[in-house]
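Have a look at the structure below before the remarks.
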Amino acid sequence: MGYSTHSRTSAPAFIDRLAQSTRSAARFVPSLAGLAVCAWVMFSPGCSSPLRPDPADELRHSIYQSTTREIRELQAYSEATALSREDRTTRMQIDERFRAEGEKIGGPNADIRTILKQTLENDPNRALPDALPLARSLAGRQPRTVALTLERAVRQTAQNNLNVQFSRLAPGVQESQVVAAQAAFDWLFFHNFQWNSTDQPRTSPSIGGSTVGVSSDVRQAVEGTTGIRKRLVTGGQFTVQHLFRYSDVETDNLFNRPDPARDTNIVLQLDQPLLRNFGSDVALAQVRIAKNMERDEVQNLKSTLIQNITDAEVAYWSLVQAQENLKIVQRLFLRGEEVAEVIRIRLGVDAKPVQYTEALSRTESRYNTLQRAQNAVAQASDRLKVLMNDPEFTIASDVQLLSADYPIDEPIQFSLLDAIETAVANRPEVQRALLSIDNTSIRQIVAASGLLPRLDARLQMQINGLGGSTHGAYHDLTTGNNYDYLIGLNFEQPIGNREAEATFRQRRLERSQAVIAYRNTIQNVISEIVVSLRNVVTNYNLIESTRAARVMASESLRALEVEEDLTQPKTAEFLSVKLSRQESLAQAEQEEIQALADYNTALARLHAALGTSLKRNKIYFDVPNVEPVNVGMPIFPTWNEDAGK
């Protein structure tokens, strides 16, 4: 499974762009010479905006402080520390032989033969119960089981999960938007054709009773204009066009030379705004926003992958816990049946019917718990099926997924400072917040340009040719004897300029909102890191304490069974105590497996909070064809997936 992104982005790269792009109208008005230079380099990134304010130090400082103020106090405590805990079983002073026997009574290594020792002695031919008594499928059949590793669950989720498949298409959609925005600067071919027949009466002056002029204008004209034009990154437009016109004057008493006539011309024209909408910062705004939206969808895809992979890990450990809990409840039920049978046998000796009834009631309650545990395993399997969306394990099938891996119990080393820096560098939410800042800054640049008056220039050169034939017209055109030149300026300024000022104020506030949202994202990320690390530490310690409680409960039940075998009469009161100790052991076992599952779940959520879930599960995230953004200062997050896959 491969995903990746070649995109790299950082707050300094965005802020450097802002510092280069945002300009002040009062400092510079370009001349026609500057316009000519822009026309000369029209195929390059070219002229940027004439607005030249001071660099956006305030914005840079605000983003910088959003991270540094959170980690300032941690600078002195940057060394990694390892998880450690006290071995709480050493103080119990249990003989190693008895400890080994207790492990067979309760815990992950419990032996069903040891639990049913007395029953098997009375009935050696009795078949051992299933290690995992699964509930029947909805079709009434015994489910078909499939052992599933955590690695397979995660990889199937990354490949087949429907949420991931949906998000995987979004970068392609946005890539099309980028191409569409860039296409606005492609060359455009145009052709216009027109035929005109004129028969228009005219007034004619009279001098001395004689009419001067013609009484009507009758002519035929065919005209075709062909050319190409291109939007420039300077904000202007360059046009090259050729016109050919055939005209035939049919007006009485009017003689033209030549008639019919063919006239041609070639026009070179540059239209360029000088103030409002000048420069690449404005002209390329939509392209840059479209690229940011593509990068945003890439990060959204990564976020979806991390979330679904984490959900798969959590669902897997929930399945492990449900399976182990089913084994525990099964052992508890079998023990209860054994005790109830002993009391039944002793009904004519020293047991009372009410005591037998009580034992049956407790056993029946354990059976009810067993049924709930079976349902919990089935539901945990179904949740994992939904996340994996594996065609081999459809939700409605009778396949029962079972875990093939057991929760790990290994300490980790961590540094809160390193954890925060890793999260800030790898979390998709941080990258998306930076993209939002850049988008609002681009829109503010466009709005700042809108504050300026409109001053548009037009430079035009036209070469003309005329002849009585097509050849003669083009020959006259190529001699270059007839030139027209035009230099024009068009000025426009709204009185009050309220709309532009309101738009600029709106864009400025939106950028401030984006900066605040970025700071809020940083705080939320750090909060998740702190909570995740605390959960890891707490559950790591709980594993030891719950294990110690389980060992003590196993030893208590073992000692009671030894006493039962050697000296203690099997009275109803004694057997009631035995039932209670069995329940205490089962509860201790459940707490131990819950602590193990919670620890592994906490590790999964910690890597999700760090943004390193993909790297942890060896998933290479690569989304090609996404234009990189150069990286600035290293303290800010980058889209360097080599550090956060």
Approximate separation, where rounding is to 0.5 Å, of [X] [atom1] and [Y] [atom2]:
X	Y	atom1	atom2	value
Ile420	Arg427	CD1	CZ	12.0 Å
Leu575	Tyr356	CG	OH	13.0 Å
Leu148	Ser403	CG	OG	8.5 Å
Met388	Tyr316	CE	OH	10.0 Å
Asn439	Met293	CG	CE	7.0 Å
Ser381	Leu401	OG	CG	3.5 Å

[Y] and [X], any side-chain heavy atoms less than 4.5 Å apart:
X	Y	result
Asn520	Asn524	yes
Ile437	Val515	yes
Leu83	Phe414	yes
Val154	Ile619	yes
Phe166	Thr304	no
Glu410	Leu603	no

Using modelled atom types only, decide if a donor and an acceptor are shared between the side chain of [X] and the backbone of [Y] within a distance under 3.5 Å.
X	Y	answer
Glu544	Arg85	no
Gln165	Asn160	yes
Ser556	Met552	no
Lys302	Leu614	no
Thr422	Asp418	yes
Lys578	Glu573	no
Ser397	Thr394	yes
Gln355	Lys352	yes
Asn600	Ile408	yes
Gln374	Pro133	yes

What is the minimum heavy-atom distance between [X] and [Y], and which atoms define it?
X	Y	answer
Ala315	Leu387	CB-CD1, 3.9 Å
Arg550	Pro108	NH2-CD, 3.9 Å
Ala433	Tyr518	CB-CD1, 3.7 Å
Ile105	Ser554	CD1-O, 4.3 Å
Ala359	Ile343	CB-CD1, 3.6 Å
Ala423	Val430	O-CG2, 4.5 Å

Please report the C-alpha distance between Arg136 and Asp398 in whole Å, then the side-chain angles of each, then the deciding distance to 0.1 Å, and finally whether the salt bridge (charged side-chain N to carboxylate O under 4.0 Å, His left out) criterion is met.
CA-CA 9 Å; Arg136 290 184 174 273; Asp398 61 352; over 6 Å; no
[X] side chain to [Y] side chain, donor-acceptor N/O pair below 3.5 angstrom:
X	Y	result
Asn292	Arg295	yes
Gln413	Thr81	no
Arg605	Asn535	no
Asn308	Asn161	yes
Glu429	Gln299	no
Ser613	His607	no
Asp311	Gln307	yes

Under the criterion side chain to side chain donor-acceptor pair (under 3.5 Å), I'd like the reasoning laid out for Gln582 against Arg366: C-alpha separation, chi angles, the key distance, then a yes or no.
CA-CA 11 Å; Gln582 291 172 357; Arg366 295 179 182 184; 2.9 Å; yes
Take atom CD of Gln587 as the centre, draw a 6.0 Å sphere, and report whether it contains more than 12 heavy atoms from other residues, nucleotides or ligands.
no
Neighbour count above 12 (heavy atom, 6.0 Å) for Tyr406 OH:
yes
Not counting sequence neighbours, which residues clear side chain to side chain contact (heavy atoms under 4.5 Å, CB included) with [X]? List them please.
X	result
Ser545	Arg88, Leu542
Glu341	Arg344, Ile345
Val386	Ile395

Can you name the one residue among Glu324, Glu338, Glu589, Glu337 that meets salt bridge (charged side-chain N to carboxylate O under 4.0 Å, His left out) with Arg331?
Glu589
Test Ser580 against Arg362 for side chain to side chain donor-acceptor pair (under 3.5 Å), laying out the working first.
CA-CA 10 Å; Ser580 297; Arg362 296 175 74 168; 3.2 Å; yes
From CA spacing to verdict: salt bridge (charged side-chain N to carboxylate O under 4.0 Å, His left out), Arg616, Glu313
CA-CA 12 Å; Arg616 181 190 185 215; Glu313 291 189 69; 2.7 Å; yes
Are the charged groups of Asp409 and Arg547 less than 4.0 angstrom apart, N to O?
yes
Identify whether the distance between the nearest side-chain nitrogen and carboxylate oxygen of Arg534 and Glu528 falls below 4.0 Å.
no
